[in-house]
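Step one of this worksheet: look at the structure below.
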Amino acid sequence: MTMKYGICNETFGDMPLADALKIAKDAGYTGWEIAPFMLTDDLDQFGTDARNAYRSQVTDAGLHVIGLHWLLAKTEGFHLTTLDIGVRTATANYLKKLAKLCADLGGELMVLGSPQQRNFPSSQTPDQAMEAAANCLRSVVPALEEYSVQIALEPLGRGEGNFLNTAAEGRELMKMIDSEQVKLHLDVKAMSDEPTPIETIIRDNADAMIHFHANDPNLRGPGMGDVDFVPIFAALKDIDYRGWVSVEVFDYSMGAEAIAKQSMTNMIQAQS
């Protein structure tokens with residue numbers, strides 16, 4: 001099987017889009033994953049013309065828009081697990097708008113991480129948080145169906161917060177929502193926080209995973225830390241994974257071009 005590689009657009013900071021796309025394409029990526037805050041501070045003002053122009057620029061550069069991630073980052077007034085029904089309703093409505101944005105840009109999935117907008121206080125129980133999140137996302141499902149977009153639930157390590165810390169918890173929430181439009185996302189940095197080997201988590205969740213992030217707990221790209229990607233890619237091949245492998249880093253100190261090139265080199269070497 002041939003892997004499909006993508007890279008997240010915030011890697012390139014304020015670099016002109018044309019330059020960023022060229023670096024990604026030259027490094028071997030064919031997918032472009034978008035953080036909405038990199039497009040606009042006001043989603044309602046990012047209209048049809050702007051969406052079409054962005055989509056055309058990406059596709060003309062030879063890349064495919066994978067979809068969106070960091071869905072709720074750098075927003076205000078939204079929260080997934082709150083017991084405040086008004087805030088949850090506003091969150092659901094915003095996610096519906098993002099589903100349309102995703103489709104307008106040519107994307108098919110939205111990675112739901114955004115830990116600051118989902119962590120719950122000590123006054124709330126884990127069960128309450130799960131039910132609140134499930135209620136919120138159930139109301140988004142009709143829009144996901146309308147726009148042919150899937151949400152990929154992203155478990156995050158305990159260093160990120162207290163909600164959805166394991167793939168098993170991601171599956172539990174997925175089951176509560178019970179829709180083909182809501183599945184599972186796996187992230188190497190996050191899985192490194194689990195006691196179960198990463199390759200085992202991948203194999204155990206082959207039926208649910210629709211997206212994958214390659215990175216390292218040191219916040220850099222795949223192969224730039226202690227995580228061995230050889231068994232990870234072996235597991236992805238064993239389960240015949242057909243989705244995207246997207247590079248998502250959080251330490252940009254080595255520069256976007258070096259990150260893109262070295263990450264790709266390391267992923268290819270891990271499969272040789």
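Here, residue 1 is the first one in the sequence, and each next residue gets the next number.
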Exercise. Should the heavy atoms of other residues, nucleotides or ligands under 6.0 Å from CG of D60 be counted, would the total exceed 12?
Worked result: yes
Problem set entry | I85 CD1: over 12 foreign heavy atoms closer than 6.0 Å | no
Are side-chain N/O atoms of [X] and [Y] paired as donor and acceptor at under 3.5 Å?
X: W32; Y: Y54; result: yes
X: D251; Y: N218; result: no
X: N266; Y: Q262; result: yes
X: R220; Y: N215; result: no
X: H213; Y: E33; result: yes
X: N52; Y: R55; result: no

For this session: Identify the residue among E169, E172, E154 that makes a side chain to side chain contact (heavy atoms under 4.5 Å, CB included) with L164.
Result: E169
Would the distance check show the side chain of [X] and the main-chain N or O of [Y] forming a donor-acceptor pair, the cut-off being under 3.5 Å?
X: T91; Y: H79; answer: yes
X: S114; Y: Q117; answer: no
X: R118; Y: A129; answer: no
X: T11; Y: C8; answer: yes
X: R158; Y: N165; answer: no

For this session: Please examine the side chains of Y5 and V247, heavy atoms only from C-beta on, and report whether any two atoms are closer than 4.5 Å.
Result: no
Exercise. Is the charged tip of K4 near the ring of F212: under 6.0 Å from the six-membered ring centre and within 45° of its axis?
Worked result: no
Exercise. Would you say V87 and L72 are hydrophobically clustered, going by side-chain heavy atoms of ILVMFWY under 4.5 Å?
Worked result: no
